[in-house]
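Each remark here refers to the structure printed beneath this line.
Side chains included, hydrogens not; waters and symmetry mates left out as well; all remaining heavy atoms used. Residue numbers start from 1 in every chain, and the chains themselves are labelled A, B, ... in the order their sequence lines are given, proteins ahead of strands.
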Protein chains: 2
Amino acid sequence: MATGRTHRPATRSRGIPEATVARLPLYLRALTALSERSVPTVSSEELAAAAGVNSAKLRKDFSYLGSYGTRGVGYDVEYLVYQISRELGLTQDWPVVIVGIGNLGAALANYGGFASRGFRVAALIDADPAMAGKPVAGIAVQHTDELEHIIESNGVSIGVIATPAGAAQQVCDRLVAAGVTSILNFAPTVLTVPDGVDVRKVDLSIELQILAFHEQRKAGEETGPEGGAPTTSGRPAAVAAAAEAAVAGERKGPDGDVPAVMPA
Amino acid sequence: MATGRTHRPATRSRGIPEATVARLPLYLRALTALSERSVPTVSSEELAAAAGVNSAKLRKDFSYLGSYGTRGVGYDVEYLVYQISRELGLTQDWPVVIVGIGNLGAALANYGGFASRGFRVAALIDADPAMAGKPVAGIAVQHTDELEHIIESNGVSIGVIATPAGAAQQVCDRLVAAGVTSILNFAPTVLTVPDGVDVRKVDLSIELQILAFHEQRKAGEETGPEGGAPTTSGRPAAVAAAAEAAVAGERKGPDGDVPAVMPA
DNA sequence: ATGTCTTTGTGAACGCGTGCACAAAGATGG
DNA sequence: CCATCTTTGTGCACGCGTTCACAAAGACAT
């Protein structure tokens, strides 16, 4: 998963732990698939396997919602789909605005899974006057000037920011001032928001860097198990030369270790 | 942040906690901004504010990397940029393939932050023969048949999956079989991979659902603090009618509460 | 009705992550 | 050289999340 919790460090909302809330959509997806196959009931073991989690964790998660299972049988699929949907607030309509209709914003607007679960793209907003009126995913793009009006007249409480990093905070401030209280941020910036506003961050670059860290560790373990600084990539292809040049010495080694960036 | 850890539940890699690794890119970004403004040193307090974290947490995070600060002064910006980059493996070149060049895949290919930090888009791969040869972001799309060849000849160890959900597992299997050991998955599916392969998931739909949960809770608290089932949205606009119809009764209420999905 | 068998729901223990608070370290000025 | 002041690095305690293991509950067969 590509997200870190930003705000709300450990707020246990209505007794449901944050970690559990984050898994509910996962269960819901697995249950929906079972529902489409007309499977009537499912055990915690089966469902856990489908969702990729531990069965004990799943049972504990469900126990926060109530006792919805039947011992000796399992959980009723349709009933559970409804209960989780209701708990997540998906039984109501959530109008969403997307701000910043570049490559990513357009992709989000076209994303099918968006509308599937109660989320409705109410408006697309971009700062470029040339974009105004242009249809994207069947919706005409509107100019940033209209932002406040759109938010208020549509009762939008969820905003998606897909602008460049430089514009994100400003857009965020305007969204919040207009009444938005939940923000999904794709811009690579830390957003500052007042209390009561939730921000979730999706950052491609961070995800890749985390993968690179583990990848490097794997490569280092392969070549030498002494656990020190990695030497070269485990994959002996084109990366080797660059890797060797960049990663040569020991931590806090001689000057040759730290080229041109050593402190005074 | 929009990602959840998938694999690797609590593996402490080389003594660096997973939570710390996830924050290093954040610090690196803030430090890079300082570096561009030619700021020589920064205190843990300042840097923590820029990265949106607690200063004690930041100091503890850095302590896992070593003693890179100077008491009474702070941290040398350039030196820290280098150390974190090296720790994350960003001093070497990481060729990346993107599979699935639809709206999202194209957006990812065009994403600037991709190439900025050692990640290089080595190839774009799509199953549609009509896409083959078409340039996206300056790179010609190649057909899925070439997948194994591309991975092996470029020494690719990181793959990005941006295909529809139905194709994701199959693509994943082929990537892994060809030698990829880190996968960033944008498809809304749980991927099954062998041990030693890292998967990180970016799921827009899940993020929105988590936001909706908190949004619903906020609305429920506004109207009635008795903590029961929410009644209507806190925003009195167009959503009210739909919300009232959908969210009416109490948990485990009479049949009218659960329309057409009640278990036997 | 009774026994058996399956599966849930949860008490308890453990480990990781976070934040406080402070001692140690070094810079800086006199 | 000494005193003071700033800032780091970390010991410690606390809380959340995960996992194990098992008792309770209900289905089902006889």
Starting from [atom2] on [N], measure out to [atom1] on [X] and report it in whole angstrom.
{"X": "A:R59", "N": "D:dA23", "atom1": "CZ", "atom2": "P", "result": "15 Å"}
{"X": "A:R23", "N": "D:dC16", "atom1": "CZ", "atom2": "C1'", "result": "12 Å"}
{"X": "A:K60", "N": "D:dC20", "atom1": "NZ", "atom2": "P", "result": "12 Å"}
{"X": "A:R71", "N": "C:dT7", "atom1": "CZ", "atom2": "C1'", "result": "8 Å"}
{"X": "A:D76", "N": "C:dT7", "atom1": "CG", "atom2": "P", "result": "16 Å"}
{"X": "A:N54", "N": "D:dA21", "atom1": "CG", "atom2": "C1'", "result": "12 Å"}
{"X": "A:D61", "N": "D:dT19", "atom1": "CG", "atom2": "C1'", "result": "12 Å"}
{"X": "A:L58", "N": "D:dT18", "atom1": "CG", "atom2": "P", "result": "12 Å"}

Under 4.0 Å from OP1 or OP2 of C:dC16: is there any side-chain N or O of B:Y64 that close?
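No.
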Can a side chain N or O of B:S44 be found less than 4.0 Å away from OP1 or OP2 on D:dT8?
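Indeed, a polar side-chain atom of B:S44 lies that close.
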Would you classify A:F62 as touching base, sugar-phosphate or nothing, given that sugar-phosphate means primed atoms plus P, OP1 and OP2, and contacts are heavy atoms under 4.0 Å?
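No contact.
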Do B:R29 and A:D203 meet the salt-bridge criterion of a basic N to acidic O distance under 4.0 Å?
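Salt bridge between A:D203 and B:R29, a charged N being under 4.0 Å from a carboxylate O: yes.
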Nearest heavy-atom neighbours spanning B:W94 and A:Q216
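Nearest heavy atoms, B:W94 then A:Q216: CH2-N, 3.9 Å.
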With nearest nucleotides of DNA chain D determined for A:A56 and A:T70 from heavy-atom distances, which residue corresponds to the more 5′ nucleotide?
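Residue closer to the 5' terminus by nearest nucleotide: A:A56.
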Does the side chain of A:Y68 reach to within under 4.5 Å of the side chain of A:F62, using non-hydrogen atoms?
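When only atoms from C-beta onward are counted, A:F62 and A:Y68 do not touch, as no gap falls below 4.5 Å.
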Regarding A:S205 and A:Q209, is there a side-chain donor-to-acceptor distance under 3.5 Å anywhere?
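A donor-acceptor contact under 3.5 Å links the two side chains.
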